Undergrad: 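One structure follows; several queries about it will come next.
As a basis for the values below, the full set of heavy atoms in this structure was taken, side chains included, without hydrogen atoms, waters or symmetry mates. If you're wondering where the values come from, they're calculated on a predicted model, not measured in any experiment. Chain letters run A, B, ... following the sequence lines, proteins first and then strands; every chain starts at 1.
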Number of protein chains: 2
Amino acid sequence: MKATIKDVAREAKVSISTVSYAINGNERISEETRKRVLEVAKRLNYVANGNAKMLKQKKTRAIGLFFNSWFGPIYSEIARGIERTVHKMGYDLVACSLYGEEHSTAYKYLRDRMVDGAIVLTNSFDDQFLHSVASEDLPLVVLDREIQAPHIYSILIDNFGGAFAATKALISSGCKEVYFFSGPQDSYDNQKRLDGYIAALGYFNVEFNKDFIIPADFTEESGYQQMKALLAKGIAPRAIFSGNDEMAIGIIRAAREHGVTIPGDLRLVGFDDIRESEMTVPALTTISHQKLEMGTLAAETLFSAINGDDNIDSPKIIPTNLIKRETL
Amino acid sequence: MKATIKDVAREAKVSISTVSYAINGNERISEETRKRVLEVAKRLNYVANGNAKMLKQKKTRAIGLFFNSWFGPIYSEIARGIERTVHKMGYDLVACSLYGEEHSTAYKYLRDRMVDGAIVLTNSFDDQFLHSVASEDLPLVVLDREIQAPHIYSILIDNFGGAFAATKALISSGCKEVYFFSGPQDSYDNQKRLDGYIAALGYFNVEFNKDFIIPADFTEESGYQQMKALLAKGIAPRAIFSGNDEMAIGIIRAAREHGVTIPGDLRLVGFDDIRESEMTVPALTTISHQKLEMGTLAAETLFSAINGDDNIDSPKIIPTNLIKRETL
DNA sequence: CTGAAAGCGCTTACAG
DNA sequence: CTGAAAGCGCTTACAG
């Protein structure tokens with residue numbers, strides 16, 4: 001069985017309070033006693049019971065990271081930024097998926113307050129649940145989603161600005177008929193990217209044509225299929241702004257199969273700058289955003305809230321920029 | 001402040017034991033009392049404190065998933081398999097990274113026994129630490145690593161067999177000079193794949209030439225650089241078995257830049273069958289293994305151990321098979 | 001500098 | 001069917 005603080009106290013011939021103080025580095029304990037206690041603790045392989053500690057202190061020193069996909073290329077970069085900051089602050093980071101919906105670990109850990117703060121990378125939690133859970137003792141940072149409530153802070157990508165820049169670049173290249181491959185209707189990112197696209201058309205006096213909006217779902221497969229369908233119908237777009245890079249990769253594949261050359265016949269811009277996008281042939285021109293920085297900013301914002309800073313901007317916007325490669 | 005069991009007891013005018021029994025569905029409580037308690041609990045927004053519960057029950061009902069990379073393409077598929085099984089068993093899955101080494105969340109959660117069992121996807125923990133931590137109350141399943149100790153079970157990919165098959169296919173295509181792009185020396189997977197390669201050469205009476213072993217490190221970049229270096233030296237391999245797909249993608253890129261056609265000038269086989277490998281041009285022939293199943297098997301093995309089954313095979317081997325695409 | 005004691009929020013024999 | 005009480009393993013005023 002595992003050694004407890006009592007065992008250490010008995011072996012070291014001191015009280016359990018002394019053991020606790022010694023182990024937690026409290027000043028009041030004499031050097032000699034501390035040494036003895038630490039030695040005994042080591043010998044008995046003693047590690048404080050985390051649950052007892054948390055129960056008493058009402059702090060977990062853990063941050064939750066909740067998501068629903070086991071880590072697309074974007075999320076893992078964001079997670080890296082988060083984990084660095086969380087570690088630097090001396091907290092633990094536990095990642096929980098939403099698999100199982102209301103019965104998922106993510107729901108449970110949030111409801112049961114198993115963490116001192118959380119970063120939410122998913123839209124599967126409904127707003128109401130987040131509202132009910134967020135509090136001074138459990139602030140929330142939500143990525144890629146606008147939500148207005150006390151103790152909830154959002155970090156957003158400048159989807160609108162990025163989409164505007166992408167569309168502008170396409171128009172400037174001389175083509176007035178810019179197609180937009182759309183992600184899912186209910187995607188917040190997609191909605192904002194569509195808005196940026198439409199705004200850019202308006203800005204440059206290009207008429208909006210709803211036939212140029214191609215419905216897809218952010219997967220490579222959907223980009224591929226929709227592009228094939230277009231070409232099969234004899235429609236050959238000369239310029240496409242793809243709502244994300246994955247669809248753009250599908251578009252490139254379909255184009256190649258149909259002998260459409262890029263950027264000769266077709267100019268293409270994606271969004272996200274995922275790792276794969278510099279390896280496509282031709283390399284994808286895309287809208288990049290700083291994912292690592294997004295993670296860092298998310299974690300920093302969360303710690304500001306945890307530390308009681310009541311003057312936190314929300315939402316915070318992550319800028320984007322156009323990365324010129326070979327498809328435009 | 002959060003409602004506790006005491007608050008519910010007071011409001012419902014019963015004892016705290018009754019609240020506990022009612023909420024946990026103990027039979028002995030009358031329907032009427034139970035209803036009243038549940039209503040009060042709901043009204044007060046009561047959720048049992050997880051720490052108190054765990055402290056008392058000495059169970060966390062949580063499984064740890066420890067890894068060091070925020071999720072290469074292989075791991076996320078494995079994780080999906082794990083999460084399904086863990087959820088089905090009514091446990092929670094918490095993923096913790098090894099960022100920070102001995103001060104990482106992963107180390108801490110294992111040492112502090114914050115979980116009832118763990119699946120280890122990384123070789124950053126040293127064997128000795130794992131030995132010291134594994135016990136009847138905290139069994140461990142280790143992926144891709146052979147380790148012999150009580151309460152530790154390994155799940156392995158058939159690296160040897162896969163490498164043998166890859167090399168055999170390359171030799172059968174008519175080329176005797178098969179290069180091997182090697183991953184890091186200290187990689188278990190790499191070592192076994194190298195063994196399989198050497199064994200296949202031996203089996204087909206092809207002389208082993210150590211100059212054909214190209215040292216790289218499993219990254220795409222290393223594959224790319226080493227292939228470029230080879231071609232720059234005027235060496236043009238006709239057949240390459242790449243220790244993993246990522247390097248193979250780098251090799252393809254370098255080959256293309258130098259005008260080497262695949263599979264015309266060069267035949268290439270990878271390992272792992274990552275998602276990207278079917279999207280390369282030409283599509284990569286590779287050795288596939290069932291990642292989802294590996295995750296499922298890992299979790300099932302862990303639960304067998306948790307449930308006291310003392311007759312668990314270890315290691316368990318996941319089979320591989322050759323996926324023929326366009327590079328061979 | 002050290003210890004006795006209360007208490008964190010639960011569960012669970014035990015008694016009635 | 002319900003309640004009083006012990007106890008899980010810690011921390012932390014408080015006293016000395």
Side-chain angles (χ1 to χ4, degrees), chain A residues 1-41 44-62 108-109 111-116 137-138, chain B residues 1-41 44-62 108-109 111-116 137-138:
Chain A
M1 220 29 248
K2 251 203 108 193
T4 74
I5 197 171
K6 273 187 199 164
D7 301 321
V8 179
R10 187 177 351 94
E11 286 288 307
K13 302 194 194 311
V14 292
S15 70
I16 60 165
S17 8
T18 298
V19 174
S20 176
Y21 289 133
I23 283 180
N24 293 311
N26 189 309
E27 299 284 324
R28 73 221 293 180
I29 303 297
S30 71
E31 198 45 50
E32 196 199 324
T33 308
R34 179 196 316 289
K35 241 182 90 183
R36 182 154 40 90
V37 170
L38 259 31
E39 269 165 14
V40 172
L44 298 187
N45 223 330
Y46 170 73
V47 203
N49 179 305
N51 288 125
K53 213 163 180 163
M54 290 174 198
L55 175 57
K56 190 63 191 153
Q57 301 189 144
K58 310 207 171 199
K59 290 245 178 280
T60 63
R61 290 197 77 80
K108 179 167 186 233
Y109 274 41
R111 199 166 23 211
D112 293 6
R113 287 148 204 273
M114 302 290 284
V115 291
D116 291 346
D137 296 326
L138 179 37
Chain B
M1 219 28 244
K2 251 202 108 190
T4 72
I5 197 171
K6 274 188 200 164
D7 301 320
V8 179
R10 187 175 355 93
E11 287 287 308
K13 301 194 193 312
V14 291
S15 71
I16 59 164
S17 9
T18 300
V19 175
S20 176
Y21 289 133
I23 284 181
N24 293 312
N26 189 306
E27 300 284 325
R28 73 220 292 182
I29 303 297
S30 73
E31 198 44 51
E32 198 199 321
T33 309
R34 179 196 316 287
K35 241 183 91 183
R36 181 153 42 91
V37 170
L38 260 30
E39 269 164 14
V40 172
L44 298 187
N45 223 329
Y46 170 73
V47 203
N49 179 305
N51 287 125
K53 213 161 181 163
M54 290 173 198
L55 176 57
K56 192 64 191 155
Q57 302 189 143
K58 308 205 172 203
K59 289 248 177 279
T60 63
R61 290 198 78 79
K108 177 165 187 236
Y109 274 41
R111 199 166 24 210
D112 292 6
R113 287 148 204 273
M114 301 289 284
V115 291
D116 291 346
D137 295 325
L138 179 37

Undergrad: Which residues in residues 24-34 of chain B have a heavy atom closer than 4.0 Å to any atom of DNA chain D?
TA: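 B:Arg28, B:Ile29, B:Ser30, B:Thr33, in order of number.
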Undergrad: Return one dot-bracket line describing DNA chain D 5' to 3' (Watson-Crick or G-U wobble pairs, both distances under 3.5 Å; ( ) same strand, [ ] crossing, | another strand, . none).
TA: |||.||||||||.|||
Undergrad: Distance under 4.0 Å to a non-hydrogen atom of chain B counts as contact; along DNA chain D, which nucleotides mark the start and end?
TA: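 Span of nucleotides near chain B: D:dC1 to D:dG9.
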Undergrad: Apply side-chain hydrogen bond (donor to acceptor under 3.5 Å, both in side chains) to B:Tyr46 and list each qualifying residue two or more places apart in sequence or on a separate chain.
TA: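 Applying side-chain hydrogen bond (donor to acceptor under 3.5 Å, both in side chains) to B:Tyr46 gives none.
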Undergrad: For B:Ser15, check side-chain hydrogen bond (donor to acceptor under 3.5 Å, both in side chains) against everything at least two apart and list the hits.
TA: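 Result, side-chain hydrogen bond (donor to acceptor under 3.5 Å, both in side chains) vs B:Ser15: B:Ser17, B:Thr18.
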Undergrad: Quick one: does A:Met114's side chain get under 4.5 Å of A:Thr60's, heavy atoms only?
TA: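 No, every pair of side-chain atoms sits at 4.5 Å or beyond.
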Undergrad: Once you apply a heavy-atom cut-off of 4.0 Å, does B:Val47 come out as touching a base, just sugar-phosphate, or nothing?
TA: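 Sugar-phosphate, backbone atoms only, no base.
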Undergrad: Who pairs with B:Arg111 by side-chain hydrogen bond (donor to acceptor under 3.5 Å, both in side chains), at least two apart in sequence or on another chain?
TA: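 Per chain and number, B:Arg111 pairs via side-chain hydrogen bond (donor to acceptor under 3.5 Å, both in side chains) with no residue.
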Undergrad: Mind checking side-chain contact (heavy atoms from CB on, under 4.5 Å) for A:Lys35 and listing every partner two or more places apart, or none if nothing turns up?
TA: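 So A:Lys35 forms a side-chain contact (heavy atoms from CB on, under 4.5 Å) with A:Glu39.
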Undergrad: What pairs of residues pass the salt bridge (charged side-chain N to carboxylate O under 4.0 Å, His left out) test when at least one of them lies in residues 17-31 of chain B, not counting sequence neighbours?
TA: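 Salt bridge (charged side-chain N to carboxylate O under 4.0 Å, His left out) check on residues 17-31 of chain B returns B:Glu31-B:Arg34.
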Undergrad: Could you give the side-chain donor-acceptor pairs of residues 48-57 of chain B under 3.5 Å, partners two or more places apart or in another chain?
TA:
from: B:Asn49; atom 1: OD1; to: B:Asn51; atom 2: N; distance (Å): 2.7
from: B:Asn49; atom 1: OD1; to: B:Ala52; atom 2: N; distance (Å): 2.9

Undergrad: Taking for each residue the nucleotide of DNA chain C bearing the nearest heavy atom, is the 5' side occupied by B:Ala52 or by A:Thr18?
TA: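 The 5'-side residue here is A:Thr18.
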Undergrad: Is there side-chain contact between A:Val47 and A:Lys2, with heavy atoms separated by less than 4.5 Å?
TA: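 They are in contact (side-chain heavy atoms under 4.5 Å apart), so the answer is yes.
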Undergrad: Can you confirm whether B:Lys58 sits close enough to B:Asp137 that some side-chain heavy atom of one is under 4.5 Å from a side-chain heavy atom of the other?
TA: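 Not in contact.
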Undergrad: Check side-chain hydrogen bond (donor to acceptor under 3.5 Å, both in side chains) between B:Arg10 and all other residues, then give those that pass, not counting sequence neighbours.
TA: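 If we apply the side-chain hydrogen bond (donor to acceptor under 3.5 Å, both in side chains) test to B:Arg10, skipping adjacent residues, the hits are B:Asp7.
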Undergrad: Using a 4.0 Å heavy-atom cut-off across all strands, classify B:Ser20 as base, sugar-phosphate, or nothing.
TA: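 Answer is base: heavy atoms of B:Ser20 come under 4.0 Å of a base.
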